[in-house]
Amino acid sequence: MASWQRTHFCGELRETHIGQSVTLNGWVNTFRMYPDQVFIDLRDRYGITQIVVESDRPEFFKIAAEARSEWVLSIQGRVRERMIGSEKKHNPKLATGAIEVLAENVTVLNRCPTPPFELFSVPQEGQTFGEPELANEDLRLQYRYLDLRRPTLHRTLAMRHRLNKVIRDNLDAQGFFEIETPLLGKSTPEGARDYLVPSRVSLGQWYALPQSPQLYKQILMVAGYDKYFQIARCLRDEDLRADRQPEFTQLDLEMSFVEMDDVFGVIENLTAEVFRRCVGVTLPTPFPRLTYSDVMLRYGSDKPDLRYGLEIVDVGDIAAQTEFQAFKGALETGGAVRAINVNAAADKFSRKQLDELAEIVKRAGGKGCAWVKVEAEKFAGGIEKFLAPPIQVQLRQRLGAKAGDLLLFVADKADIVCAGLGTLRQHLAGVLKLYDPNALDYKIAWVIDFPSFIWDDEEKRWAANHHPFTAPLDGDLPRLESDPGSVKAKAYDLVINGYECGGGSIRIHNPDVQSRLFKVLGMTDEQAKARFGFLLDALKFGAPPHGGIALGLDRFAMMLARTTNIRDVIAFPKNQKARDLMTGAPAPVDAKQLKELGL
RNA sequence: GGGGACGUAGCUCAAUUGGUUAGAGCACCGGCCUGUCACGCCGGAGGUUGCGGGUUCGAGCCCCGUCGUCCUCGCCA
């Protein structure tokens, strides 16, 4: 062992170590200088230990006095109790506060320039490390290795490690095999935009990086590996969001001889253990199962945040009795009129703020939002004059309204009403603080009974809502050709606190059904064979009934870490333009490289 | 591609809404200090207000363009 190597960690020493000779390695967290003493708080992953360097060792005192934030030091010394004379001078804020290390040797392992932004600040009560006010994110991403020194990020990455470990242990115990699948694969035309990789040995031809291991995992089922999982990197060349990165990590999973309940059982077992072991929260199982049509109506979203109420209520039948043109017009063209009762909020919104609510609905595609305040006897303001007393009575009853409530209405095509009120609901919950974003408060549910198809108005054809191998509900099969829009799928999403954290389906294993489904999608057998031939071939060779799911692990980590920014849970994330500000990727390459690839 | 917010010292922010020499805290440098622990005290240095143009007697502030960052719609089977 080299003389500078550590014998202990910086968070380790206690009164029991007093008198021992130790060596600590770490970064200078803070320093306090005196004419005859230098105090250095030395930091590593495990904590902080105070180092004292005294002037009776001038050669080391000089080095210590020069040391600055984030220098890397090795301190050899003796552990002693913090005393002045015979009086104890412990620091109760530090786990190591009873002791300090009197330096007998100081080695500078590396210097560090003044960091471009602050990494540490005053610790909060009960914390070893203090979080500074965060610098601009682009600066922090450029110096990611410095930003990653922040204890919050250490904790998050430690938590992700535990998440992966729990997943592997749990699925192993449930009988799953972890199997890797290729990164270099074949582009499949539907779905997200592919990242492409040129082939050097087959000039002019391209691999695609996987959007998910979907096709491979189904083939593994054909091959008899009846419980498969993989912690898989997936790549999609689409625009980024606060919860979306171009490369992200899925827990990909597939099982044979199963129906939906079997997948739910495995995932509920796993998810409950993840939350118990990562954040100490017990989730009640089984998770609630909500239908797509139900959540769209009540929450205006297929991934509702169930931590708060503010449910949407259909008032179309009552609105039809009014002469209010905005209501009548929407209903006459087959639309809907729905409302939210914002409890006790009548006085919380100024006229200007109500206009802002209308703006939010407009941004969601709507024409605006009508409002009315509820008083003891009657409604007031907004569209009150369009609502005759008997209408008011009905609305009051339907919406459970009492004096002081604020009623918000949106009238439009049904999907716009959902989007408008859904967005409004989220906004209101934030503004009215109906939930605590920092609390260990998790509302988790399955959303089921998704439509199999959605109508693509541009291409004038039915498109697969999930993917073209998703099995329709058995009872809906007879309507596959006659009424595709009414067919529901054996597809399911796992929704946590308003985030889609997973999705999957039971797959079609019957070639006849698969063929019928391709026809609905406007694909001939030949076209289907050209696109998915290898999978269709494989499915012919004795495919078992199978199904599975993929969980978005980055989003899971966001939930566990209680952040709304996916970059907080990824060690080296990309910015909104999909750039890595630390490495500078993407970047031009040498002409020679391009030439080799025939580009 | 559309909509929105932001860009002032190394960092976080301010600048009485167009008016004198653009300030503060932290960081940095120097000095003082025998027990600090966010040490304290004194002093100092540090600015093309993202960039380019325009309006004006006068622009950090208004207008146009551009670059960058974030949020969002489209997109994400």
Side-chain angles (χ1 to χ4, degrees), chain A residues 29-42 48-56 68-70 80 82-85 87-94 96-97 100 102 113-124 127-130 132-143 146 188-194 211-212 214-215 234-246 248 356 359-360 362-365 419 423 426-427 450 452-454 456 458 462-470 489 491 500 503 505 521 531-532 552 564-565 567 575-577 579 581:
Chain A
N29 202 62
T30 54
F31 55 92
R32 297 169 288 279
M33 286 184 293
Y34 279 84
D36 293 319
Q37 286 156 315
V38 174
F39 297 96
I40 290 172
D41 289 346
L42 200 67
I48 281 178
T49 299
Q50 173 165 289
I51 311 296
V52 191
V53 190
E54 299 195 331
S55 57
D56 56 4
R68 289 293 179 272
S69 291
E70 302 304 311
R80 69 180 186 189
R82 294 199 192 189
M83 307 271 283
I84 307 172
E87 194 187 343
K88 289 189 178 191
K89 276 282 181 182
H90 295 190
N91 180 351
K93 293 184 203 161
L94 280 182
T96 61
E100 63 191 6
L102 177 63
T114 304
F117 53 90
E118 286 164 48
L119 303 176
F120 296 89
S121 173
V122 190
Q124 296 291 306
Q127 291 185 341
T128 302
F129 304 103
E133 220 171 338
L134 293 179
N136 272 336
E137 198 178 8
D138 50 338
L139 188 69
R140 289 186 287 124
L141 288 174
Q142 185 188 340
Y143 297 94
L146 297 180
T188 50
E190 291 201 49
R193 200 174 291 114
D194 285 320
Q211 298 172 20
S212 80
Q214 180 64 37
L215 302 180
C234 304
L235 299 107
R236 297 179 186 175
D237 186 7
E238 298 292 348
D239 284 356
L240 286 75
R241 288 287 187 280
D243 61 351
R244 256 163 45 185
Q245 283 271 304
F248 61 101
E356 281 168 16
E359 257 331 288
I360 288 166
K362 282 181 191 164
R363 260 180 261 141
T423 310
Q426 265 186 288
H427 173 82
F450 284 87
S452 279
F453 307 101
I454 45 173
D456 185 334
E458 265 181 40
W462 291 101
N465 192 11
H466 187 59
H467 64 59
F469 313 108
T470 300
E500 182 195 325
S505 65
L521 295 174
R531 293 182 179 185
F532 309 109
T564 54
N565 179 349
R567 297 178 296 279
N575 77 357
Q576 207 192 20
K577 286 263 178 70
R579 303 200 70 91
L581 294 177

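Only heavy atoms go into these numbers, but all of them, side chains included; no hydrogens, no water, no symmetry mates. Order of the sequence lines sets the chain letters (A, B, ...), proteins ahead of strands, with each chain counted from 1. Remember, it's a predicted structure, so these values are computed and weren't measured experimentally.
- B:G58 and B:U20 have their P atoms separated by 15 Å, given to the nearest Å.
- Nucleotide B:A38 forms a pair with no other nucleotide shown, judged by Watson-Crick or G-U wobble geometry with both contacts under 3.5 Å.
- As judged by a 4.0 angstrom heavy-atom cut-off over every strand, A:Pro35 is placed among the base-contacting residues.
- Across every strand in view, B:C75 sits unpaired, with no contact that passes the Watson-Crick or G-U test at under 3.5 angstrom.
- The residue A:Gln211 sits apart from the nucleic acid: no heavy atom pair falls under 4.0 Å.
- When Watson-Crick and G-U wobble pairs are counted only if both distances are under 3.5 Å, B:G58 pairs with no nucleotide at all.
- The nucleotide whose nearest atom lies closest to any side-chain atom of A:Thr114 is, among B:U36, B:C28, B:C75, B:C28.
- Of all nucleotides present, only B:U12 satisfies the Watson-Crick or G-U wobble test against B:A24, with each distance under 3.5 Å.
- Summarising the base pairing, B:A5 is matched to B:U69 through a Watson-Crick or G-U wobble pair whose two defining distances lie under 3.5 Å.
- Judged by atom type and distance alone, A:Arg241 does not reach the base of B:C71 through any side-chain donor-acceptor pair under 3.5 Å.
- Look at A:Gln37 and you won't find any side-chain N or O under 4.0 angstrom from OP1 or OP2 of B:U36.
- Using a 4.0 Å heavy-atom cutoff across all strands shown, A:Leu134 reaches sugar-phosphate atoms only and no base atom.
- When both distances must be under 3.5 Å, the Watson-Crick or G-U wobble mate of B:G43 is B:C29.
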